[in-house]
Amino acid sequence: SNLEASQAGLLAGTDLECGDRYQADLVTAVSSGLVTEADLDRALVRAFAVRFALGEFDSPERVAYNQIPNSALDCPEHQALALRAAQESIVLMKNDQLLPLDRESITSIAVLGPQADRVVFGGYSGTASSPVTPLQGITQKLADTTIRVDHAPGTALLSESSETGIADAVALAAAADVVVLVLGIDLSVAAEGLDRTDIVLP
């Protein structure tokens, strides 16, 4: 029930809920003994401590964050940090001795899949100043290698693949030394208010 969900969320450490469930449920949850006033106080103290630390209740001139110049935004130092964060966030689930690729023996790569030439951010993400798609990154890194591209790498995720399109992709893959297949989801498949019931690739 909604009441049980609010109880579970609060007790698990979700101090702030952005809809109206806590407002609707927590008074009842306290009166029925599902949570205590101490549980509410703990959540409130933590939520407001962050807001005070951010200066939300201070005049603008007293808030250090307001003094950050525009020149600090997207500066080279921060771009380098973002690149490092992206590189270190990659998780390799399995490697059948394929990686790292032997650049000396590879003359052609087929870059296939609906996400091959797209940059997809999740909900509430900012907008990158210089986004790089997988295809662009591979092309830049392997300038001396023939890159064969799927006939429509930007095709919408939920559109049906034609038999011809699949045959084209298979032919491209067969002619290449290595295939990079770029799959995944986007906000048309999973987003706030659009939950998935499994982790199977679309």
Side-chain angles (χ1 to χ4, degrees), residues 16 18 50 54 63-96 98-162 164-166 168-173 175-202:
L16 181 66
C18 295
V50 173
L54 290 172
V63 180
Y65 302 107
N66 288 334
Q67 316 311 317
I68 298 173
N70 287 338
S71 59
L73 303 177
D74 204 26
C75 65
E77 179 185 0
H78 294 166
Q79 290 177 354
L81 181 60
L83 176 60
R84 178 184 169 193
Q87 291 169 333
E88 293 187 9
S89 70
I90 295 170
V91 177
L92 182 63
M93 302 299 291
K94 184 178 181 180
N95 186 12
D96 290 328
L98 176 65
L99 299 176
L101 297 177
D102 182 1
R103 294 181 62 172
E104 299 299 321
S105 63
I106 294 173
T107 59
S108 64
I109 295 180
V111 183
L112 311 176
Q115 304 287 23
D117 202 23
R118 299 176 68 199
V119 174
V120 179
F121 294 104
Y124 302 100
S125 295
T127 301
S129 59
S130 302
V132 178
T133 71
L135 175 60
Q136 290 170 335
I138 292 169
T139 302
Q140 292 168 11
K141 202 74 174 175
L142 302 175
D144 56 348
T145 303
T146 300
I147 309 292
R148 295 186 171 91
V149 184
D150 184 2
H151 68 291
T155 302
L157 264 178
L158 299 181
S159 65
E160 294 185 7
S161 298
S162 67
T164 302
I166 293 174
D168 290 345
V170 170
L172 286 169
D177 295 327
V178 171
V179 175
V180 177
L181 181 60
V182 189
L183 304 173
I185 61 174
D186 61 20
L187 294 177
S188 71
V189 176
E192 180 179 12
L194 180 63
D195 297 329
R196 304 189 70 214
T197 58
D198 59 54
I199 60 172
V200 176
L201 284 169

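This chain uses plain numbering: 1 for the first residue, then up along the sequence.
Legend: residues meeting side-chain contact (heavy atoms from CB on, under 4.5 Å) with V170, ordered by chain and number and at least two apart, are I166. Residues that satisfy the salt bridge (Lys or Arg N to Asp or Glu O under 4.0 Å) test with E104, not counting sequence neighbours, are absent from this structure. For L92, the side-chain contact (heavy atoms from CB on, under 4.5 Å) test picks out N95, L99, with sequence neighbours left out. S108 pairs by the side-chain contact (heavy atoms from CB on, under 4.5 Å) definition with T146, R148, A176, D177, not counting sequence neighbours. With sequence neighbours excluded, the residues satisfying side chain to side chain donor-acceptor pair (under 3.5 Å) with S105 are D102. Applying the side-chain contact (heavy atoms from CB on, under 4.5 Å) test to V63 and every residue at least two apart in sequence or in another chain returns D58, Y65, N66.
When all heavy atoms of C75 and S71 are compared, the closest pair comes out as CB-O, 3.7 Å. Residue A190 comes nearest to I185 through the heavy atom pair CB-CD1, 3.8 Å, listed as atom of the first residue, atom of the second, then distance. Minimum interatomic distance between K141 and R103 (heavy atoms only, all atoms of both residues): O-NH2, 2.9 Å. Across all their heavy atoms, L187 and G123 have their closest contact at CD2-N, 3.6 Å. When all heavy atoms are compared, the tightest approach of P131 to A128 is CD-O, 3.5 Å.
Between V182 and R118, the closest side-chain pair of non-hydrogen atoms is not below 4.5 Å. In this structure, D117 and P134 have side chains that are not in contact, with every pair of non-hydrogen atoms separated by 4.5 Å or more.
A distance of 4.5 Å separates CD1 in I109 from CG in L142, rounded to the nearest 0.5 Å.
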Please list, one pair per line, the donor and acceptor atoms closer than 3.5 Å that link side chains of residues 76-84 to other protein atoms, with sequence neighbours excluded.
{"unit_1": "H78", "atom_1": "ND1", "unit_2": "A72", "atom_2": "O", "d": "2.8"}
{"unit_1": "Q79", "atom_1": "NE2", "unit_2": "D74", "atom_2": "O", "d": "3.2"}
{"unit_1": "Q79", "atom_1": "NE2", "unit_2": "D74", "atom_2": "OD1", "d": "3.3"}
{"unit_1": "R84", "atom_1": "NE", "unit_2": "E88", "atom_2": "OE2", "d": "3.0"}

Name every donor-acceptor pair, under 3.5 Å, that has one atom in a side chain of residues 192-199 and the other anywhere in the protein, sequence neighbours excluded.
{"unit_1": "E192", "atom_1": "OE1", "unit_2": "Y124", "atom_2": "OH", "d": "2.3"}
{"unit_1": "R196", "atom_1": "NH1", "unit_2": "V200", "atom_2": "O", "d": "3.4"}
{"unit_1": "R196", "atom_1": "NH2", "unit_2": "V200", "atom_2": "O", "d": "2.6"}
{"unit_1": "D198", "atom_1": "OD1", "unit_2": "V200", "atom_2": "N", "d": "3.1"}

